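A quick write-up on the structure given underneath.
We use all heavy atoms of the structure for the numbers below, so side chains are in, but hydrogens, waters and symmetry mates are not. Chain naming here is simple, since letters A, B, ... match the order of the sequence lines and numbering starts at 1 in each. Remember, it's a predicted structure, so these values are computed and weren't measured experimentally.
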Amino acid sequence: MATISLHEADAAVGKRKNYLNQTTTIRSWLFTLDHKRIGLMYLAAGLTLFFIGGMLAEVIRTQLLVPTGLIFHGTGTIQSSYAAYKHYNQVFTLHGIIMVFMVLVPMIPGALGNFALPLMLGAKDVAFPRLNLLSFWLYISGAVLAVISTIMGAVDTGWTFYTPYSIDTSTYVVLMVSGIFLLGFSSIFTGLNFIVTIHKLRPFGMTWFRMPLFLWATYATAVIQVAATPVLGVTLLLLIVERVMGIGIFNPALGGNPVLFQHFFWFYSHPAVYIMILPAMGIISEIVPTFSRKHIFGYEFVAFSSLAIALIGFMVWGHHLFVNGQSAELDAIFSFLTFLVAVPSAVKVWNWLATMYKGAIKLDTPMLYALSFIILFTIGGLTGVVLGALAEDVVLHDTYFVVGHFHYVMFGGTIIAMLGGIHYWWPKMFGKMYNEFWARTACILLFIGVNLTFFPQLMVGAYGMPRRYASYLPKYQPYMVASTIGAYVQLVAFLIMASYLLHSLFRGKKAPVNPWGSGSLEWTTSSPPPTDNFDTIPVIGDHYDPYDYSHLQFDPAIGGYVHTEEHVGPHHVYHR
Amino acid sequence: MSETISPAAMPGVDQAVVRKHLAHHFDTPQQQFDSGKLGMWLFLTTELLLFSGLFCAYAVYRALHPEIFQFASQYLDPTSGLINTIVLLTSGLTMALAVRFAQTGKRTPLSICLVLTMLCGLTFIAIHADEYFEKYQQKLLWGTNYAPKIVQPAVKAAAGSPGTWSSLNRLAARGYISSHSTIAPASIGPAGVAAAHAAAPTVPLIPQPHNVQIFFGIYFLMTGLHSIHVIIGVILMGWLLVRNIRGDFGPNYYNPVDFVGLYWGIVDMVWMFLFPLLYLIR
Ligand code: HEM
Ligand SMILES: [Cu+2]
């Protein structure tokens with residue numbers, strides 16, 4: 001029952017093996033069952049795909065610098081324009097597919113969830129380590145199939161694969177869709193694993209309401225992953241048999257119903273946007289109290305709003321079909337439910353604000369990302385409500401306003417929170433600190449870049465510019481140019497980020513056990529943790545509270561937080 | 001400090017078996033079993049949801065086009081469907097027994113039950129394959145492949161229950177169905193066959209609705225996906241059989257048998273819905 005002083009633990013770390021250097025062969029990484037290594041592999045693969053998707057985005061924005069298109073444009077005849085613009089369609093399709101199915105959906109659960117979830121819970125691993133490895137390899141296989149399909153004939157349907165065009169196009173839809181089918185199973189298995197882990201592997205004393213909110217968010221996400229993704233699976237399967245065998249369910253030429261495809265697709269894809277945003281919100285719920293040195297405001301509300309979002313999120317898919325042949329009654333119902341789903345999201349935003357209120361806010365990099373998130377997500381969410389209003393959507397549907405909306409939530413929300421999470425857990429993952437100055441600079445630059453890119457899109461959309469076009473009317477040019485400049489600013493920010501993170505990996509200052517002064521369990525083990533996560537199994541005391549910071553004090557000597565002696569005891573975590 | 005009993009402290013437990021099958025991140029075999037079971041239930045939920053998409057497509061088309069289902073289901077043979085139902089129910093029983101024998105550590109009866117279940121599964125597949133082959137020969141297929149030339153229910157209907165088609169006539173009155181086939185020339189479609197028999201005036205005309213191929217698309221999709229699951233189940237049972245012969249299972253460890261049993265239960269259950277929905281429409 002002896003409590004080792006964290007100073008000693010810290011001193012010992014340098015000599016001890018950790019999960020990064022326990023074994024060093026490539027095999028020991030590729031076939032590892034350690035959730036932390038699998039998390040890092042997800043991180044590496046995901047960031048690579050994010051880079052590819054990002055470069056495609058820069059191509060899109062560069063194309064749109066001039067009204068006739070800078071990169072893809074014809075030589076004067078209509079036919080040559082058609083042929084050139086088809087390439088533009090392929091580029092934005094690929095961008096969308098990579099970002100949605102290979103970055104936004106899998107990355108937070110796959111990379112950060114895998115790394116942090118068992119640690120935060122106080123478990124040695126996820127419930128099914130082999131299934132976890134399988135998820136990762138399904139993820140890679142899906143991405144590889146997507147690459148093959150792209151080389152053979154890149155899909156030009158948009159990431160939504162609407163029939164009947166996706167049945168008619170000559171591009172390699174079947175291969176691409178099979179890849180996404182595998183990605184779907186990867187996602188299902190991750191979710192299943194997390195649900196079972198949270199139910200069955202909580203150590204003694206870790207009750208549901210003592211769990212950090214990231215775990216609640218991951219749990220709610222996992223429920224959606226398990227409950228919605230199979231419907232995507234069957235939809236994609238139907239699309240495959242449609243193309244291979246001509247089964248006719250979605251093909252109007254054979255008596256099928258193309259709108260049914262849209263219903264199926266959005267029955268998954270709307271909940272999927274919550275697969276993207278819920279874990280992001282979970283990260284913010286960790287960062288905000290830690291860097292405000294104040295207990296999270298309304299723990300239960302934050303926890304249950306995750307579940308509420310997950311549940312209501314299943315009943316709003318029709319807002320994507322307001323103008324696609326849905327009955328007026330259904331339109332009205334879906335519009336109402338769409339308003340409803342914004343409520344729990346707003347609950348979270350208010351709780352974060354209330355947490356910060358009168359807190360001792362430290363503007364370290366993760367907190368800067370959290371603040372960016374709150375601002376950007378609020379803009380994204382409110383534009384979502386604008387779109388959810390039936391009458392407005394009739395005008396705004398399929399314009400750049402929608403593009404602006406979902407980039408504010410997906411980029412300004414999910415990606416920004418993911419970057420915040422990466423910066424928050426980075427010291428724990430690699431045992432290294434990064435350069436705080438450059439990290440803050442990149443974050444602020446990114447914030448400017450995101451707004452410069454997407455706010456003009458909201459405006460130009462409201463003025464009537466449709467989405468998914470390779471060319472546009474000259475009157476829209478100022479907005480398009482501003483948006484493109486924003487995209488270049490983002491690129492600069494990302495290059496800065498890549499440099500200081502790489503620098504940190506090789507030259508970074510050694511990270512202390514608890515650099516931010518967080519109260520959750522992952523910050524009680526060494527940085528980086530040992531393969532078994534904890535040297536001694538954590539035991540959760542009766543008054544354990546991951547958001548109680550009163551017993552943590554900054555120690556300038558080690559550059560991190562330590563338990564103040566008088567508080568160590570049965571109220572808090574100790575090790576046996 | 002620990003509240004749970006460690007496996008080493010459990011009375012009457014074969015320590016070697018416990019150690020061999022307990023993964024390092026679990027505290028007790030019970031925890032491991034519970035985790036596996038919850039995982040399996042979640043997985044089966046996703047399986048059901050996968051099928052639910054097809055059931056949903058079925059419901060939508062049936063609600064929008066009842067006449068297609070009325071018309072087309074006459075080509076499915078309820079007798080072979082019923083036999084298959086009985087076969088699968090039997091296999092459900094043998095599988096349940098298998099789980100029981102695994103729990104009580106009866107190795108030979110477990111093997112016998114697994115073999116019986118596999119045989120039932122294979123019988124099911126064989127009967128289904130025969131059905132598919134018949135449909136293929138009669139060109140009762142999906143999409144543009146639908147081009148039947150069969151002598152069929154008009155005769156049966158006339159002989160058996162003349163009233164059978166009255167609901168179709170109602171549908172015709174409501175304008176749901178056309179009296180001419182859009183797919184095959186009228187002379188070779190069912191309607192054409194009926195017309196050929198029209199010499200006997202008591203035989204009612206069976207008008208073929210539009211888009212009958214949709215029904216066969218749904219039929220092949222649903223039963224096909226289900227059959228794939230049956231085949232996977234048979235393969236899993238083969239794997240269990242090998243492990244059982246090797247002596248892996250006993251009262252302390254029978255998790256895989258239990259989990260495959262659950263899977264087989266779901267496969268059975270899906271069929272119990274498919275059978276009436278596809279074969280017993282009229
Ligand atoms: C406050 C909650 C939200 C509301 C009320 C909302 C509402 C809407 C509505 C009504 C549309 C349809 C617009 C149209 O096509 O005419 C839409 C599109 C979209 N939303 Fe949201 N949304 C919300 C949050 C989110 C979040 C959190 C994400 C993702 C992280 C997201 C991602 C998307 C995407 C990707 C589309 C467009 C897909 C496409 O057509 O390509 N939304 N949203
Ligand atoms: Cu939506």
Heavy-atom pairs under 4.5 Å with chain A - which of [options] has more of them than the others?
options                        : value
Tyr61(B), Phe26(B), Phe216(B)  : Tyr61(B)
Leu48(B), Leu225(B), Leu221(B) : Leu221(B)
Glu47(B), Gln32(B), His24(B)   : His24(B)

Exercise. Does Trp41(B) CH2 have over 12 foreign heavy atoms under 6.0 Å away?
Worked result: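 Check fails, neighbour count at 12 or below.
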Exercise. Looking at Pro129(A), Ala123(A), Gly233(A), Pro118(A), which makes the most heavy-atom pairs under 4.5 Å with chain B?
Worked result: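 When all of Pro129(A), Ala123(A), Gly233(A), Pro118(A) are compared, Pro129(A) has the most.
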Problem set entry | Pairs of heavy atoms under 4.5 Å with chain B: top-ranked of Leu237(A), Val231(A), Leu260(A) |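 Winner by heavy-atom pair count: Leu260(A).
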Of the non-hydrogen atoms in [X] and [Y], which two are nearest, and what is the gap between them?
X         : Y         : value
Phe261(A) : Tyr162(A) : CE2-CA, 3.7 Å
Met120(A) : Leu521(A) : O-CD1, 3.6 Å
Met40(B)  : Phe259(B) : CE-O, 3.6 Å

Please state whether the side chain, the backbone, both or neither of [X] comes within less than 4.5 Å of a heavy atom of chain B.
X         : value
Asp532(A) : side chain
Leu201(A) : both
Phe189(A) : side chain
Leu238(A) : side chain
His263(A) : neither
Leu131(A) : neither
Val241(A) : side chain
Ile249(A) : both

Problem set entry | Residues Asp34(B) and His199(A): side-chain donor-acceptor under 3.5 angstrom |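 No.
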Problem set entry | Any donor-acceptor N or O pair under 3.5 Å, side chains Asn211(B), Gln213(B) | yes
For this session: Please work out whether the ring planes of Trp142(B) and Phe220(B) are parallel, tilted or perpendicular, with thresholds of 30° and 60°.
Result: perpendicular
Exercise. What about His128(B) and Tyr132(B), are their ring centers closer than 6.0 Å?
Worked result: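 Yes.
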For this session: Walk me through it: do His229(B) and Tyr263(B) pass the test side chain to side chain donor-acceptor pair (under 3.5 Å)?
Result: CA-CA 9 Å; His229(B) 279 80; Tyr263(B) 171 85; 4.7 Å; no
